[in-house]
Amino acid sequence: MDRKYIAEVVGTFALVFAGCGAIIVNDISGGSVGHVGVCIVFGLVVMAMIYALGDISGAHINPAVTIAFFFAKRLDRRLVLPYIISQFSGAIIAAAVLRLLFPEHATLGSTLPTIPLPSAFAMEILLSFFLMFVVLAASSHKQSGVIVAIAVGGIVALNALFAGPVTGASMNPARSLGPALLSLNLDEIWLYLSAPVVGTCLAWPVCRWLQGSNGLRP
């Protein structure tokens with residue numbers, strides 16, 4: 001198995017295990033982690049995985065990001081499906097481990113909307129748009145891996161801080177599908193599989209228009 005695909009499995013596993021694990025620990029400990037703490041965990045694990053794995057696979061750890069990179073012609077067609085399979089695999093394995101560790105937890109950190117579905121769908125599109133906008137901008141200007149990691153981890157934490165209570169701030173189909181499958185919370189999973197892809201793909205033309213054709217590498 002190509003090490004790029006293994007990196008995507010490992011990175012997505014870490015994201016779901018740490019992020020959803022923080023939600024679970026917060027629930028069973030009476031709120032000791034807190035909403036802000038959960039958001040920081042998601043931001044830090046994304047930051048760490050980009051720093052650790054960025055030179056191997058690009059550290060997409062998100063099928064919507066992979067699809068958007070392909071849409072932007074910055075990823076070889078042959079890598080798209082293996083990346084997506086690797087990301088979903090990592091997320092499902094992480095959710096399975098969390099199920100073994102916390103068998104009584106009802107949701108395993110699933111993303112569940114608390115606002116009407118049309119509003120939740122629009123919110124996830126916007127969150128994913130801004131995530132990919134930062135990813136594209138940070139990765140296009142030959143910034144160091146540390147700067148890219150900080151920028152992307154920061155936007156993940158920021159989005160989670162204000163949108164987590166209403167949609168779960170998924171921005172990532174794999175992050176949502178893993179816990180949903182293992183906890184059987186599948187009623188709204190279509191939203192989290194589709195909205196992030198729409199949002200990330202919309203980011204490319206907007207980012208390219210704002211920064212100009214010379215501002216973004218192909």
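None of the values given here were measured: they were computed from a predicted structure. For the single chain, residues carry numbers from 1 onward in sequence order. Just so it is clear, the values below take in all heavy atoms, side chains as well, and ignore hydrogens, waters and symmetry mates.
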Determine, using the 4.5 Å side-chain heavy-atom cutoff (strictly less than), whether Leu101 and Val33 are members of one ILVMFWY cluster. yes
Are Leu75 and Leu53 joined in one hydrophobic group, where the rule is that I, L, V, M, F, W and Y side chains link up if heavy atoms are under 4.5 Å apart? yes
Would you say Phe130 ends up clustered with Trp209 if hydrophobic residues are merged whenever their side chains have heavy atoms under 4.5 Å apart, either directly or through other cluster members? yes
Dump the intermediate steps for side-chain contact (heavy atoms from CB on, under 4.5 Å) on Val135 and Thr200, then the final yes or no. CA-CA 10 Å; Val135 169; Thr200 54; over 6 Å; no
Given side-chain contact (heavy atoms from CB on, under 4.5 Å), test Met171 with Phe42 step by step and report yes or no. CA-CA 12 Å; Met171 303 169 278; Phe42 271 107; over 6 Å; no
Could you walk me through whether Phe121 and Tyr192 pass side-chain contact (heavy atoms from CB on, under 4.5 Å), step by step? CA-CA 8 Å; Phe121 189 81; Tyr192 297 104; over 6 Å; no
Would you tell me whether Thr66 and Gln87 have side-chain atoms, one donor and one acceptor, within less than 3.5 Å of each other? yes
Honestly curious: do Leu15 and Leu158 fall in one hydrophobic cluster under the side-chain, below-4.5 Å linking rule? yes
Is the number of heavy atoms from other residues, nucleotides or ligands within 6.0 Å of CZ (Phe102) greater than 12? yes
Quick note, salt bridge (charged side-chain N to carboxylate O under 4.0 Å, His left out) partners involving residues 173-195, not counting sequence neighbours, are none
Calculate, to the nearest 0.5 Å, the distance between atoms OG and CG belonging to Ser86 and Leu81 respectively. 9.0 Å
Please list all pairs passing the side-chain hydrogen bond (donor to acceptor under 3.5 Å, both in side chains) test where one or both residues lie in residues 102-113, with sequence neighbours left out. Asp27-His105, Ser110-Ser183, Thr111-Ser176
Verify same cluster id: Ile92, Leu108 (apolar side-chain graph, 4.5 Å): yes
Could you state the interatomic distance from CG (Leu210) to CG (Leu136), rounded to the nearest 0.5 Å? 11.5 Å
Where is the tightest heavy-atom contact between Ala160 and Pro165, given as atom of each residue plus distance? O-CD, 4.1 Å
